[in-house]
Every structure is written in structure tokens, then in C-alpha cells.
Undergrad: 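The structure under discussion is supplied below as C-alpha cells; questions concerning it will follow.
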Amino acid sequence: MKGRKKIAVLISAAVLAVSLAACGSTAGSPDTGSTGGGSTDTGSADAGNADAENTGTETQGNILVAYFSYTGNTEEAAQQIAEDTGGDLARIERSEPYDDVQTEGEDELESNARPEIKVDLDSIDGYDTIFVGYPIWWDEAPMVISTFLESYDFSGKTIVPFCTSSSDSIDNSLHIFSELAPDAVIAEGLTANDDADIEPWLERLGVAAVQ
Ligand SMILES: Cc1cc2nc3c(=O)[nH]c(=O)nc-3n(C[C@H](O)[C@H](O)[C@H](O)COP(=O)(O)O)c2cc1C
């Protein structure tokens with residue numbers, strides 16, 4: 001995708017839903033360390049000081065695309081989003097791989113579990129906008145996403161959910177973001193089953209295309 005435009009994401013006006021809850025946010029203990037296997041982290045999490053005024057320039061430092069992917073579909077979408085936005089990628093993994101995802105994944109959902117995760121990311125401090133991607137499982141986000149949302153302090157940040165699925169849309173899964181990251185702004189989510197939907201969605205979010 002060499003010829004693709006780089007895009008600066010300046011999410012502000014097009015944010016669709018704002019989390020209004022004002023209670024204390026999650027403990028900011030960034031997670032579980034960064035062992036993660038095989039991830040494609042593309043860069044540093046250095047200070048994201050691209051604020052909402054620097055239109056026309058890339059905002060690479062302040063966009064993170066974090067994702068969990070079991071069979072690779074969501075990873076592909078995440079890679080495209082990172083490429084289009086200049087964002088950094090961070091893969092979310094379950095610390096203990098599933099032996100039987102159908103049974104264990106459903107048990108986790110039914111028990112509202114928080115499976116341990118590992119993420120190749122020390123901190124989200126340098127990011128203003130965090131895309132969070134996952135496959136739809138039983139019409140919900142896998143519980144590792146709940147663990148992820150509770151592992152960092154998203155106060156004042158914008159979360160942009162996306163998913164892939166066989167058929168279900170992202171809609172039913174979105175409740176976790178306002179529940180678990182109540183002090184974040186939650187932007188329009190995307191069911192990213194068709195690559196062609198990604199760029200228009202980024203533009204709807206207030207993306208400015210940059211040469
Ligand atoms: C355990 C499990 C549960 C799933 N549940 C659903 C579902 O409820 N609705 C749906 O549309 N797709 C469902 N799928 C299909 C995945 O959401 C779809 O294949 C997705 O693109 C996989 O993403 P990944 O390759 O990033 O893991 C399920 C897949 C698995 C493995």
C-alpha cells in the first residue's frame with residue numbers, strides 16, 4: 001500500500017459519543033508488561049504533543065492502534081488503520097493462550113472474567129487517540145478487551161473502537177467502552193469487515209488527508 005495517503009487524525013468534531021461519567025478512572029498501572037509475541041509495534045510512545053491545532057501535519061506520535069486478534073482478521077484491519085493514520089500498533093494477547101476458545105471464551109464472557117493479558121506497550125501516556133480492535137465473540141468483545149480497558153487510564157483520551165466479525169455489527173459490543181473507560185471520549189466504531197470502509201470512516205472521524 002505504498003501509494004496510500006498518510007492521514008492525520010484530529011478527532012474532535014466528528015466524535016459521536018461522549019462519555020459523560022465523571023467518576024474516578026482506572027488505576028493507571030500500565031498493565032502486564034511487554035513481552036508480547038511477535039508484534040508489529042512500529043514506534044515509540046513518545047510524547048504525543050500533536051494537539052488539535054496542527055492540521056496539515058502528521059500526528060504520528062499520538063495515535064495508537066491496539067488490537068486483539070485470534071485468527072488474523074482484526075490484525076489486518078489494525079495494520080491498515082495504523083498505515084492510514086501513521087499510528088503505532090500494539091498487539092493485545094491473552095497471557096495464557098486458549099486451549100479451546102469456544103469453551104474458554106464463552107466461560108469468560110459468562111463469568112465477566114478478566115483474563116490476564118500482555119501488551120507490547122508500556123504506557124498510553126503519549127497517545128491522545130487510541131483505536132481498540134477485536135473480533136466479535138458471541139456478539140460481544142472478547143474479555144481480554146475488558147482487561148485492556150481496565151489496565152490503563154483513558155481519562156481525557158479518545159477511544160475509537162473497531163471490530164471484525166462473521167456477520168454481527170460492532171453495536172452490541174460497544175457498551176464496555178463507556179462502562180470501563182468512563183472518562184474517555186468514545187468515537188464512532190466500525191465493523192471493519194470490508195477494507196473499503198476504513199478510509200471513509202477515518203474521514204468521518206475528522207481525519208484530514210495529508211500528502
Ligand atoms: C469464539 C468465537 C466466537 C465468535 N462469535 C461471533 C459472533 O457472535 N458473531 C459474529 O459475527 N462472528 C463471530 N465470530 C467470528 C469472528 O468474529 C470473525 O471471524 C472475526 O473476523 C475473527 O477475527 P480475528 O481473525 O481477528 O480473530 C466468532 C469467532 C470465534 C472464534
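Each ligand, and each atom within it, is numbered from 1 in the order the structure gives.
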Undergrad: Run the numbers for me: atoms of ligand 1, each under 4.0 Å from some heavy atom of Asp139, listed by number.
TA: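 Result: 7 (C), 8 (O).
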
Undergrad: Purely on distance, is any nitrogen or oxygen of Gly72 under 3.5 Å from one on ligand 1?
TA: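 Yes, since at least one N or O of Gly72 sits under 3.5 Å from an N or O of ligand 1.
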
Undergrad: What is the closest protein heavy atom to atom 12 (N) of ligand 1, and at what distance does it sit?
TA: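 Nearest neighbour among protein heavy atoms for atom 12 (N) of ligand 1, to 0.1 Å: Ser166 N, 3.1 Å.
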
Undergrad: Run the numbers for me: atoms of ligand 1, each under 4.0 Å from some heavy atom of Ser167, listed by number.
TA: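 Contacts of ligand 1 toward Ser167, numbered from 1: 10 (C), 11 (O).
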
Undergrad: What protein heavy atom lies closest to atom 5 (N) of ligand 1? Include the residue and the distance to one decimal.
TA: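 Here the nearest protein heavy atom works out to Trp138 N, 3.0 Å.
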
Undergrad: Trp138 and Gln102: side-chain contact (heavy atoms from CB on, under 4.5 Å), yes or no, with the steps?
TA: CA-CA 10 Å; Trp138 296 280; Gln102 295 287 341; 3.7 Å; yes

Undergrad: Near Glu96 CD, under 6.0 Å, is it more than 12 heavy atoms from other residues, nucleotides or ligands?
TA: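 Open: at most 12 neighbouring heavy atoms sit under 6.0 Å from CD of Glu96.
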
Undergrad: Would you tell me whether Thr158 and Asp128 have side-chain atoms, one donor and one acceptor, within less than 3.5 Å of each other?
TA: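 Result is no, nothing qualifies.
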
Undergrad: Quick one about Ser173 and Tyr134 (side-chain donor to acceptor, distance below 3.5 Å, no hydrogens or angles considered), yes or no?
TA: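 Yes, Ser173 and Tyr134 have a side-chain donor paired with an acceptor closer than 3.5 Å.
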
Undergrad: May I have the step-by-step check of side chain to side chain donor-acceptor pair (under 3.5 Å) for Ser155 and Asp153, ending in yes or no?
TA: CA-CA 6 Å; Ser155 305; Asp153 181 1; 2.6 Å; yes

Undergrad: If you measure every N or O of Thr164 against every N or O of ligand 1, does any of those distances drop under 3.5 Å?
TA: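 Such a contact does occur with ligand 1.
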
Undergrad: Which atom names give the shortest non-hydrogen contact between Ile176 and Ser146, and what distance separates them?
TA: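 Heavy atoms of Ile176 and Ser146 come nearest at CG2-OG, 4.3 Å.
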
Undergrad: Which residue owns the protein heavy atom closest to atom 6 (C) of ligand 1, what's the atom, and how far is it?
TA: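 Answer, as residue, atom name and distance: Ile136 O, 3.2 Å.
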
Undergrad: Could you check atom 22 (C) of ligand 1 against the protein and tell me its nearest heavy-atom contact, residue, atom and distance included?
TA: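 Of every protein heavy atom, Pro135 CB, 3.5 Å lies nearest to atom 22 (C) of ligand 1.
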
Undergrad: Give me the one residue out of Ile63, Leu190, Leu64 that meets side-chain contact (heavy atoms from CB on, under 4.5 Å) with Phe131.
TA: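 So, applying the side-chain contact (heavy atoms from CB on, under 4.5 Å) to Phe131 and each of Ile63, Leu190, Leu64, only Ile63 qualifies.
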
Undergrad: Got the closest protein heavy atom to atom 31 (C) of ligand 1, with its distance?
TA: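 Going by distance alone, atom 31 (C) of ligand 1 is nearest to Trp137 NE1, 3.7 Å.
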
Undergrad: Students should be able to answer this: which protein heavy-atom is nearest to atom 19 (O) of ligand 1, and at what distance?
TA: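 Checked against all protein heavy atoms, atom 19 (O) of ligand 1 sits closest to Asn73 ND2, 3.8 Å.
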
Undergrad: Any N or O on Tyr70 sitting closer than 3.5 Å to an N or O of ligand 1?
TA: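 Among all N and O atoms of Tyr70, at least one is under 3.5 Å from an N or O of ligand 1.
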
Undergrad: Are Glu188 and Arg204 within salt-bridge range, i.e. N to O under 4.0 Å?
TA: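 Yes, charged N to carboxylate O under 4.0 Å.
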
Undergrad: After noting the C-alpha distance and the side-chain angles of Ser165 and Asn193, does the key distance pass the side chain to side chain donor-acceptor pair (under 3.5 Å) rule?
TA: CA-CA 7 Å; Ser165 72; Asn193 289 339; 3.1 Å; yes

Undergrad: Just to confirm my output: which protein heavy-atom neighbour is closest to atom 7 (C) of ligand 1, and how far is it?
TA: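 I find the closest protein heavy atom is Asp168 OD2, 3.5 Å.
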
Undergrad: Considering only the protein, which heavy-atom contact is closest to atom 25 (O) of ligand 1, and what is its distance?
TA: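 Result: Thr71 OG1, 2.3 Å.
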
